[in-house]
Each structure stands twice: as C-alpha cells, then as structure tokens.
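Below you'll find the structure, written out as structure tokens, and then a few comments.
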Amino acid sequence: MSYLTLKDINKIYPNGYHAVHNFNLEIDRGEFIVFVGPSGCGKSTTLRMIAGLEDISNGEFLINGVRANEMGPREREVAMVFQSYALYPQMTVFDNIAFGLTLQGVDEEVIEEKVKKTAAILGLTDYLDRLPRALSGGQRQRVAIGRAIIRRVGVFLMDEPLSNLDAKQRVTMRSEIAQIHRETGATTIYVTHDQTEAMTLADRIVVMKDGYVQQVGTPYDLYHNPVNVFVAGFIGEPPMNFIRAAVKGGKIPFGSNTLDVAARLGERAKEYEGREIVFGFRPEAIELGQAAGAYHVTAGVELTEMLGDNTNVYITAGEDKAILKVDPHDTPEIDSEIVFSIPFGEVYLFDGETENIIAREPVQSVK
Ligand code: ADP
C-alpha cells in the first residue's frame, strides 16, 4: 500500500475558482516528490490540501490507506517549510530549532540532544547561540528546515523554500536539501517553478499546468518521453525547439528546408496529411554538418552565446527559429550560414491541435 494517496482531488475556492482538477498520485514512503509548473498552476494549493491548511473540495486524501480529509495538520504528522523563513527574531538558533519540542513540553535533555543532532546534519553547530539576524539567507533557511526536521514527522512539505536566496546560495542549499533527504530518508513533497530544482532533487516529478497534472515521472522519463508540448518545453534548458507546420506530401517546411516526416509518423502519416504538427528537437540533440540517419537543415546564425562548457547558437531559417547547443570549439560566426543534423531518433512529433505526442522513436526507460 502507498503511504500517501491523492484520489481525484479537486479544489474550488469559495469565489468559485477551480484551482486543482482531479489530481491523482500515489506516494511511497521515503520518496522525494516535486510539484513543478508555472506560477498559478495549483502547486501550493495542492500542497496546502495535503498539509491540512486548505479544505479538499472533492476527492480523497489517504495516509496509509486511511481517509485523512478531516484530520488536522498535527494528526497528519506533516511539517511545512515555507519560502519566508518565519524564524523568531528574538530567539537564538538553538531556541528556534527547539521551539516545537519546547511547546510540547519535551524533556530539556532530550531537546538538547535532538537540537545538536539536527544542527550537525545542517552544519549549524557553530551558530546555535546566534540570533537569526546574524545569519546569511541560506543559514536562516537551514534553521527553518531544522525546525521542521527535528519533529521527525512522516512528511516534509516544502513550498519554494529557496526562492528568497540568491543564485549561488540556491545551488548550495539545493544540494544540502538532497543531502538532508538522503540522511533522514523522510518523505518529501517540494513545490517549485524551477525545472532545474525539480530535475536535480526529485525521485518523481509532477508537472502541472492550469490546475491539471500533465505528467508524472522520473526526471529521466520526463526529459526523454514527454507526453505533450508543454512538458517537452518545460523540462530542459534551453527548452526544446518547436517547428509548427502543416504536413504536405508527408513533408514539412523548416525555413527553406523540407523535412520528410512520413517515416516518423509511420502508419499515421495519412491521418496527418494536411494537418498541423509540431516538430520538436532538443538544442543539445543536434550535430553540426551532415550526419547519417538525420535531417539536414541549412540556417543562418543570428547570435551566439559562449557559456564556457558549450555555446548556444540562435539560428533562423525563414520564419523559423531555434537554439542549438554546440561545443565551444565549433562556435560558428554570427551571420554565417551553417548546416546541422537532427538525428531521426531525436525527433518528437506532436499533434498541432491537442499538442499531445504522436511519434517518438522509443527510448528505453532506466531507473
Ligand atoms: P502555484 O502554487 O502553482 O503558483 P497556487 O496554488 O498558489 O499556484 O494558485 C492556483 C490558483 O488558485 C491561482 O490562479 C490563484 O490565484 C488561485 N488562488 C489561490 N488562492 C486562492 C484563494 N484563496 N481564493 C481564490 N483563488 C485562489
């Protein structure tokens, strides 16, 4: 049996706004689940329903198979870390971390031992006597996490916990959160709009858009086997390139190039004749020059961005635009004309209307 079950969960706010539609998910003990999607897609609302801070309008939330819709936050054994640290400014780091246990009237010796253990996990041992104002943003966030993990609850809920940190602190804290998860093994549900955070932290990612779950899968699966244009464009940086065109004689135009997509469409080629499809390929999945087993595209170089380990090349072909990720040694001249290859196995075709995937050379799933 799964640890947590969300069954057809819906949220309709009192003003009538339907923020979450039929959310279904089974979560195992110890999993690190990330809800990701653009701002306003219903991530926090779902998290707050799990926390017991928001009523579930429709559907069922189960903990160990037992209905939990009516349980209060404490009974659910969840702890939440918010984006604002909400530390008590007049209390030391020690007292901030200990606060929940002190309230519960836990024995002082036990508190001391637990705070020290928690502080050690979080690298806060040398800061226990400090006040929050004498800490960096990252350290404050660690205290907030410490306050949550000291309670040894069943589930940690984190809502954009890194969004108040600067870029460098975010990267450090991200790996620390991964480390804390490895050490505590605690079931974690983490909300972010940042696909990099989702990809690096999650065992499984839930991609949401407009209140609907788009896809649930491992980072590997979402990257290699996206179910629709939205997921394909959301996961990956720079995002997947999309060329939208109607199929004519089994072919589509890409600038002045003609790409024969009939073989990719296979049996469905007839069905798509005259209809619009979206041709997708990732910036990193190309080769410069004319490779075998690939589409060849001639395009103009509009801009290049040297990033050190690679170069992003912005190309145009007629009205179509795309980004290519190339080896820095192969960086082409701006305004030059280049030919690049898109291997057939790296092509994604989506239905132009539903935007769902229609064709993809199969990629084997790995754990
Ligand atoms: P996310 O966390 O993905 O940014 P939220 O779950 O916070 O999104 O919000 C989802 C949608 O629900 C948004 O359109 C938001 O404006 C709306 N919403 C959030 N809280 C309320 C509320 N109390 N009443 C009405 N609508 C709300």
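Index from 1, following the sequence. In each ligand, atom 1 is the first atom listed, and ligand 1 is the first ligand listed.
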Listing, residues 127-134 side-chain donor-acceptor contacts under 3.5 Å, not counting sequence neighbours, or none:
from	atom 1	to	atom 2	distance (Å)
Y127	OH	Q139	NE2	3.3
R130	NH1	A134	O	3.0

Cut-off 3.5 Å, no hydrogens considered: what does the side-chain donor-acceptor table look like for residues 253-260, sequence neighbours left out?
from	atom 1	to	atom 2	distance (Å)
N257	OD1	T298	N	2.9
N257	ND2	F254	O	2.8
N257	ND2	T298	O	3.0
D260	OD1	A262	N	3.1

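Residues with a heavy atom under 4.0 Å from ligand 1: Y13, N15, Y17, A19, P38, S39, G40, C41, G42, K43, S44, T45.
For the ring pair (Phe, Tyr, Trp, His ring centres under 6.0 Å) test with Y295, the passing option among F340, F281, F279 is F279; the others fail.
N10 and N22 form a side-chain donor-acceptor contact under 3.5 Å, judged by distance and modelled atom types alone.
M1 shares a hydrophobic cluster with no other residue; no ILVMFWY side chain has heavy atoms under 4.5 Å from its own.
By the 30° and 60° cut-offs, the orientation of the rings of Y220 relative to H224 is tilted.
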